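Here the structure is laid out as structure tokens; the discussion comes afterwards.
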Amino acid sequence: MTDRPHVLLSCAISLDGYLDDASDRRLVLSNADDWDRVDEVRAGADAIMVGATTIRRDNPRLEVRSADRRAARVEAGRPDTPLKVTVTATGDLDPAAAFFATGEQLVYAPAGVTAPGTVVPTGDRVDLAVDLAMVLADLAARGVARLMVEGGTSMHTAFLTAGLADELHLVVAPFFVGDSKAPRFVHDGRFPWDGTHRATLVEVRRIGNVVLQRYLLSRSEVDRHWLRAAVELSELCPPTDSAFDVGAIVVDEHGDELARGYSRELDDTGHAEENALAKLDPADPRLAGATIYSSLEPCGRRRSRPRTCTELILAAGITRVVFALREPPTFVDGEGAELLAAADVEVTEVPELADAVRDVNRRLL
Ligand SMILES: NC(=O)c1ccc[n+]([C@@H]2O[C@H](COP(=O)([O-])OP(=O)(O)OC[C@H]3O[C@@H](n4cnc5c(N)ncnc54)[C@H](OP(=O)(O)O)[C@@H]3O)[C@@H](O)[C@H]2O)c1
Ligand SMILES: [Zn+2]
């Protein structure tokens with residue numbers, strides 16, 4: 001189904017946003033507990049990628065270090081450590097680099113460029129930079145479902161500006177580099193996550209004296225995150241045999257939650273979307289451009305009340321609806337999705353979470 005792997009960018013920066021200092025020595029930004037966390041993330045990846053300059057400058061091994069994690073991978077039928085991947089336009093890589101010492105490696109380079117290791121030529125022009133979308137498609141074809149990108153500046157910039165990143169793990173170290181000759185986290189560029197379209201912060205974790213910030217970047221990841229939360233919310237519904245258990249969350253265009261609700265939360269018959277919207281002022285300007293995440297398709301017909309959730313959503317001015325499961329014809333014929341789409345609301349179904357919704361409503365299906 002996916003045409004590219006899930007792409008996770010991982011890096012550590014100083015308080016002033018540098019990846020390194022300008023000296024020849026490798027700058028230590030993190031601590032042992034955080035390296036162990038990175039090791040765990042690596043163990044969950046199918047491939048790890050860095051730019052050629054990082055190989056030349058830092059000479060990283062890019063391996064899973066923990067013996068337990070390696071063993072667990074082997075037990076699951078995977079290689080003990082992920083495939084290592086790099087891109088180069090020059091081919092200027094030392095075959096004695098730690099990158100080539102163990103495991104499997106792939107080097108993406110323009111056609112005609114020679115480099116050590118297994119070289120995958122991309123395109124037919126030596127003067128063209130490697131197209132990262134092509135690299136991702138090729139990795140997907142090789143069975144890579146999760147790619148971890150560990151820098152440096154040009155790799156992060158390229159994935160972010162191309163909108164080809166799903167998740168960002170950013171560690172902030174408690175000191176300044178203070179030298180504009182040092183490499184920053186990213187170069188200048190046009191990033192899809194600007195002041196208007198923001199990333200979704202899903203975790204802040206203190207790890208000793210550094211802090212991990214975890215962001216979701218792609219729309220599909222953000223949708224799954226909120227929809228999972230809506231399904232979890234639906235587990236709070238007071239039990240009944242005459243209606244489904246549903247959770248709904250309203251999120252504004254900046255990714256901030258406005259309200260949440262679940263079935264029968266406020267009275268005996270209220271629907272999740274209705275209960276979430278009841279907590280908001282209908283004149284709230286943040287509703288324009290907002291998304292409602294509902295575990296079940298909003299109702300288009302309804303026996304218990306005069307207004308359907310579809311009508312309430314349209315009246316609120318919400319422009320996007322995301323749900324996991326079409327309303328099963330147990331009580332009424334739904335058609336909420338069709339009515340919403342006909343009214344120019346963007347409707348997204350995430351069938352991948354449908355089973356979780358069926359699970360919650362098992363007694364009715
Ligand atoms: N703090 C951290 O978490 C962290 C992690 C990693 C790296 N770093 C730091 O980041 C710095 C390196 O950053 P950087 O931006 O200079 O280098 P980089 O991103 O590691 O590598 C850039 C190189 O990758 C190749 N490349 C990138 N995109 C390409 C494309 N589309 N087509 C073909 N080749 C492509 C080119 O190699 P060729 O020159 O061979 O053509 C390019 O010069 C180092 O100081 C390193 O210590 C820090
Ligand atoms: Zn409803």
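Since the model is a prediction, treat every value here as computed from it, not as a measurement.
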Exercise. Given the rule that I, L, V, M, F, W and Y join up when any side-chain heavy atoms are under 4.5 Å apart, are Leu168 and Val211 in one cluster?
Worked result: yes
Problem set entry | Under 3.5 Å: donor-acceptor pair, side chain of Gln213, backbone of Leu170 | no
Exercise. Does a salt bridge link Arg4 with Asp166, judged by any charged N lying under 4.0 Å from a carboxylate O?
Worked result: yes
For this session: Say whether Ile292 and Leu339 are linked into one hydrophobic cluster, either directly or through other cluster members, by side-chain heavy-atom distances under 4.5 angstrom.
Result: no
Exercise. When hydrophobic residues are tied together by side-chain contacts of less than 4.5 Å, even through go-betweens, does Phe185 share a cluster with Val204?
Worked result: yes
Problem set entry | Side chain to side chain, Tyr293 and Val231, heavy atoms closer than 4.5 Å | no
Exercise. Would Arg70 and Glu75 count as a salt bridge (charged side-chain N to carboxylate O under 4.0 Å, His left out) if you check the C-alpha gap in whole Å, the side-chain angles of each, and the deciding distance to 0.1 Å?
Worked result: CA-CA 9 Å; Arg70 296 172 77 105; Glu75 201 161 306; over 6 Å; no
Exercise. Linking I/L/V/M/F/W/Y whenever their side-chain heavy atoms sit closer than 4.5 Å, directly or via other members, would Leu201 and Val186 fall into one cluster?
Worked result: yes
Exercise. Which heavy atom of Pro82 sits nearest a heavy atom of Ala45, and at what distance?
Worked result: CG-O, 3.5 Å
For this session: Any chance you could lay out the salt bridge (charged side-chain N to carboxylate O under 4.0 Å, His left out) test for Glu63 and Arg73, step after step, and finish with the verdict?
Result: CA-CA 12 Å; Glu63 289 174 334; Arg73 285 179 57 100; over 6 Å; no
For this session: Decide, yes or no, whether a salt bridge links Arg224 with Glu221 under the criterion of side-chain N to carboxylate O below 4.0 Å.
Result: yes
Exercise. Do the side chain of Glu257 and the main chain of Val251 share a donor and acceptor less than 3.5 angstrom apart?
Worked result: no
Exercise. Among Val321, Thr319, Thr308, Val250, whose side-chain contact (heavy atoms from CB on, under 4.5 Å) with Ile313 holds?
Worked result: Val321
Exercise. Do Thr86 and Leu93 have side-chain heavy atoms sitting under 4.5 Å apart?
Worked result: yes
Seminar exercise, completed: d(Asp68 CG, Glu40 CD) to nearest 0.5 Å is 11.5 Å
For this session: State, with a plain yes or no, whether a side-chain heavy atom of Glu346 is found less than 4.5 Å away from one of Thr348.
Result: yes
Exercise. Counting heavy atoms not belonging to Glu338, are there more than 12 under 6.0 Å from its CD?
Worked result: yes
Seminar exercise, completed: Between Pro298 and Cys309, the two heavy atoms sitting closest are CB-CB, 4.2 Å
Problem set entry | Heavy atoms of other groups near Arg363 CZ, more than 12 under 6.0 Å | yes
Exercise. Do Leu212 and His169 come within less than 4.5 Å of each other through their side chains, counting heavy atoms only?
Worked result: yes
Exercise. Roughly how far apart are Glu167 CD and Thr200 OG1, rounded to 0.5 Å?
Worked result: 11.5 Å
Problem set entry | Polar side-chain atom of Asp16 near backbone of Gly178 as donor-acceptor pair, under 3.5 Å | yes
Exercise. Counting only N and O atoms by type, is there a donor-acceptor contact under 3.5 Å from the side chain of Arg286 to the main-chain atoms of Ala288?
Worked result: no
Exercise. Can you tell me how far the CG atom of Leu8 sits from the CE atom of Met49, to the nearest 0.5 Å?
Worked result: 13.5 Å
Exercise. Once you round to the nearest 0.5 Å, how far does CH2 of Trp35 lie from CD1 of Ile207?
Worked result: 12.5 Å
For this session: Apply the test side chain to side chain contact (heavy atoms under 4.5 Å, CB included) to residues Val210 and Asn31: give CA-CA distance (whole Å), side-chain angles for both, the deciding distance (0.1 Å), then the verdict.
Result: CA-CA 8 Å; Val210 304; Asn31 58 41; 3.8 Å; yes
For this session: Look at the side-chain heavy atoms of Ile, Leu, Val, Met, Phe, Trp and Tyr, link any pair under 4.5 Å apart, and say whether Val360 and Leu233 land in one connected group.
Result: no
For residues 129-148, tabulate all N or O donor-acceptor pairs below 3.5 Å that involve a side-chain atom, not counting sequence neighbours.
from: Asp131; atom 1: OD1; to: Ala133; atom 2: N; distance (Å): 3.0
from: Asp138; atom 1: OD2; to: Tyr108; atom 2: OH; distance (Å): 2.5
from: Asp138; atom 1: OD2; to: Arg142; atom 2: NE; distance (Å): 2.6
from: Asp138; atom 1: OD2; to: Arg142; atom 2: NH2; distance (Å): 3.3

For this session: Let me see the working for Arg264 and Asp245 under salt bridge (charged side-chain N to carboxylate O under 4.0 Å, His left out), right down to the final yes or no.
Result: CA-CA 9 Å; Arg264 304 176 297 286; Asp245 294 355; 2.6 Å; yes
Seminar exercise, completed: Closest heavy-atom pair, His254 versus Thr196, reported as atoms and distance to 0.1 Å, is ND1-O, 3.1 Å
Exercise. Looking only at atom types and distance, does a side-chain atom of Gln105 sit under 3.5 Å from a main-chain N or O of Thr102, one as donor and one as acceptor?
Worked result: yes
For this session: Keeping the roles fixed (side chain from Trp193, backbone from Leu217), state whether a donor-acceptor pair exists under 3.5 Å.
Result: yes
Problem set entry | Gap between atom CZ of Arg320 and atom CD of Glu253 - 0.5 Å precision | 12.5 Å
Exercise. Tell me, do Cys299 and His271 make a side-chain contact under 4.5 Å, heavy atoms counted?
Worked result: yes
For this session: Locate the shortest heavy-atom distance separating Ala337 from Arg326; write the atom from each residue and the value.
Result: CB-NH1, 3.5 Å
Exercise. Do the side chain of Asn361 and the main chain of Leu364 share a donor and acceptor less than 3.5 angstrom apart?
Worked result: no
Exercise. Under a 4.0 Å N-O cut-off, is there an ion pair linking Arg78 with Glu104?
Worked result: no
Problem set entry | Close side-chain approach of Val64 and Asp80, heavy atoms under 4.5 Å | no
Problem set entry | Cationic N near anionic O, under 4.0 Å, Arg42 to Glu150 | yes
Exercise. In terms of side-chain geometry, is the basic nitrogen of Asp20 or Lys181 positioned less than 4.0 Å from the acidic oxygen of its partner?
Worked result: no
Seminar exercise, completed: Heavy-atom closest pair (Ile318 atom, Val345 atom, distance to 0.1 Å) is O-CG2, 3.7 Å
Problem set entry | Contacts of Asp21 that satisfy side-chain hydrogen bond (donor to acceptor under 3.5 Å, both in side chains) - sequence neighbours left out | Ser23
Problem set entry | Under 3.5 Å donor-acceptor, Asn275 side chain and Tyr262 backbone | yes
Exercise. Do side-chain atoms of Thr54 reach the backbone of Val50 as a donor and acceptor pair under 3.5 angstrom?
Worked result: no
Seminar exercise, completed: Closest non-hydrogen contact found for Leu29 with Ser14 is CD2-N, 3.6 Å
Exercise. So does Asp344 have more than 12 non-hydrogen atoms from other groups sitting under 6.0 Å from CG?
Worked result: no
Problem set entry | Steps toward salt bridge (charged side-chain N to carboxylate O under 4.0 Å, His left out) verdict (Asp39, Arg69) | CA-CA 9 Å; Asp39 197 60; Arg69 292 185 187 123; 2.8 Å; yes
For this session: Side-chain contact test, heavy atoms from C-beta onward, threshold under 4.5 Å: evaluate it for Leu164 versus Val7 and give yes or no.
Result: no
Exercise. Counting only heavy atoms not in Asp268, do more than 12 fall under 6.0 Å of its CG?
Worked result: no
Problem set entry | Non-hydrogen side-chain atoms of Leu365 and Phe244 separated by less than 4.5 Å | yes
Exercise. Does the Lys84 side chain pair with the main chain of Phe99, one donor and one acceptor, at a distance under 3.5 Å?
Worked result: yes
Exercise. Between OG1 of Thr114 and CG of Asp92, what distance do you get to the nearest 0.5 Å?
Worked result: 10.5 Å
